[in-house]
Protein chains: 2
Amino acid sequence: MAQSAEKADISEKAQENTAELCTERIIHRGIVESVRSAMPEEAELYDLADFFKIFGDRTRIAILWALSESEMCVCDLCMLLDMKQSAVSHQLKLLKQSRIVKYRREGKVVYYSLDDDHIRRVLNLGRQHIQEQR
Amino acid sequence: MAQSAEKADISEKAQENTAELCTERIIHRGIVESVRSAMPEEAELYDLADFFKIFGDRTRIAILWALSESEMCVCDLCMLLDMKQSAVSHQLKLLKQSRIVKYRREGKVVYYSLDDDHIRRVLNLGRQHIQEQR
DNA sequence: TTATTATATGAACATATAATAATATGTTTT
DNA sequence: AAAACATATTATTATATGTTCATATAATAA
């Protein structure tokens with residue numbers, strides 16, 4: 001009843017503008033509704049994606065891997081990774097903003113390290129995963 | 001000796017072309033060398049980054065969150081996420097290629113689900129992390 | 001067979017992102 | 001104070017990525 005009403009609604013919309021909305025029919029209404037109620041808020045989806053996005057770059061993974069071995073300064077990272085200082089600083093800024101690394105200053109030198117063991121655990125899960133896929 | 005030779009070499013290059021190489025001085029040679037020996041191969045860095053990259057998108061996170069609740073077909077996902085079917089299929093293809101989701105066909109309908117508990121653990125670690133940051 | 005439905009794919013476009021060059025900032029040393 | 005140095009930032013450019021449209025494929029029903 002509610003279902004056929006909605007179907008009518010959908011085909012109406014489809015006539016107006018096929019491109020505007022998802023005009024698919026629901027196949028498993030019950031599942032869709034129960035999953036919908038388990039979905040988080042928009043902001044949480046974006047935060048979660050943004051968190052993982054940081055790990056999704058070769059340069060940042062290299063930096064994180066290095067920092068998982070030892071605290072390092074920017075200059076050391078440049079040399080290790082054979083990269084321009086500004087490129088390294090850019091990535092460190094992102095890592096800093098996401099609270100994935102922390103830093104301490106000692107005179108002119110800034111030392112970076114992993115923010116907490118949480119980050120190390122995420123890294124290790126990823127390492128495990130790709131090991132298994134080989 | 002080797003060191004001063006290298007320095008001379010670097011400043012020479014710097015004169016020719018400042019942009020060519022990392023011209024920074026090494027501050028902590030010992031650390032750089034020991035970390036260098038702990039770094040993985042290039043391919044492993046890329047694989048790890050590619051793995052996390054998949055989680056670094058709102059749409060894919062939404063799909064994964066949904067699939068962590070229940071197996072779903074493409075059509076259901078379209079309705080749940082209010083997205084075009086082709087957009088959903090494109091993302092499912094990426095998830096499939098990375099072996100993050102698996103699928104089974106039942107007639108015309110294709111059901112997707114998380115590939116293994118590994119994926120669920122990665123997701124949950126991420127969820128925990130952003131919870132703590134709030 | 002043809003029609004219908006569910007999903008997949010290719011190409012194009014718009015946006016996001018990483019690296020670079022050039023420059024600025026902040027710290028120490030002289 | 002000025003010079004030297006380590007790091008940060010801004011603007012730009014090249015590349016990567018997500019969504020859309022159009023179309024293709026696969027399975028079922030008539």
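In what follows, every chain begins at residue 1, and chains take the letters A, B, ... in the order their sequences are listed. Because only heavy atoms are used, hydrogens play no part in the values below, and waters and symmetry mates are left out as well, while side chains stay in.
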Should the side chain of A:Q85 and the base of D:dA6 be counted as holding a donor-acceptor pair, with the cut-off at 3.5 Å?
no
Among the candidates D:dT17, D:dC21, D:dT19, find the nucleotide nearest to the side-chain atoms of B:K53.
D:dT17
Would you kindly give the NZ-to-P distance between A:K108 and C:dT29, to the nearest whole Å?
6 Å
Winner on side-chain proximity to B:R105, out of D:dA6, D:dA27, D:dA8, is D:dA27
A:F52 has an atom CZ; how far is it from atom P of C:dT17, in whole Å?
17 Å
Roughly how far, to the nearest 0.5 Å, is NE2 of B:H129 from NE2 of A:H118?
7.0 Å
Side-chain touch B:I63/B:Y112, heavy atoms, less than 4.5 angstrom
no
Would a single hydrophobic cluster contain both A:I130 and B:Y46, if residues Ile, Leu, Val, Met, Phe, Trp and Tyr are joined by side-chain heavy-atom contacts under 4.5 Å?
no
Rounded to whole Å, how long is the line connecting atom NZ of B:K93 with atom C1' of D:dA24?
13 Å
Among C:dA8, D:dT7, C:dT20, the one nearest any side-chain atom of A:C75 is D:dT7
Of the nucleotides C:dA6, C:dA8, C:dA18, which has the atom closest to the B:V110 side chain?
C:dA8
Please evaluate the base of C:dA18 for a donor-acceptor partner in the side chain of A:Q91 within a cut-off of under 3.5 Å?
no
Given that both distances must come in under 3.5 Å, which nucleotide forms a Watson-Crick or G-U wobble pair with C:dT30?
D:dA1
Electrostatic pair A:R104-A:E71, nearest N-O below 4.0 angstrom:
yes
Does a side-chain N or O from B:Y112 land closer than 4.0 Å to OP1 or OP2 of C:dA8, or not?
yes
Atom-to-atom span, CE of B:M72 to P of C:dA6 - whole angstrom
15 Å
Stacking check B:H90 vs D:dT19 (5.5 Å / 30 deg):
no
Within this structure, what is the CD-to-P distance between A:E106 and D:dT7, rounded to whole angstrom?
11 Å
Do NZ/NE/NH1/NH2 and the carboxylate oxygens of B:R127 and A:E44 come within less than 4.0 Å?
no
Of the options D:dA6, D:dT20, D:dT9, whose atoms approach the side-chain atoms of B:K84 most closely?
D:dT20
Quickly work out the A:M79 CE to D:dA6 P distance and round it to whole Å.
11 Å
Find out whether the Lys NZ or Arg CZ of A:K96 is both under 6.0 angstrom from the six-membered ring centre of A:Y103 and within 45° of the ring's axis.
yes
So A:I54, base contact, sugar-phosphate only, or nothing? Heavy-atom distance under 4.0 Å.
nothing
What is the distance from CE of B:M83 to P of D:dT20, rounded to the nearest Å?
6 Å
The Watson-Crick or G-U wobble partner of D:dA29, with both key distances under 3.5 Å, is C:dT2
For D:dT9 and A:S86 - does any side-chain N or O of the residue sit under 4.0 Å from the phosphate oxygens OP1/OP2?
no
By nearest atom, which of the nucleotides D:dT19, C:dA18, C:dA19 is closest to the A:R60 side chain?
C:dA18
Give the nucleotide from the list C:dT20, D:dA8, C:dA6 with an atom nearest to the side chain of A:V74.
D:dA8
Give the rounded distance in Å between these two atoms: CD1 of A:I27 and C1' of C:dT7.
10 Å
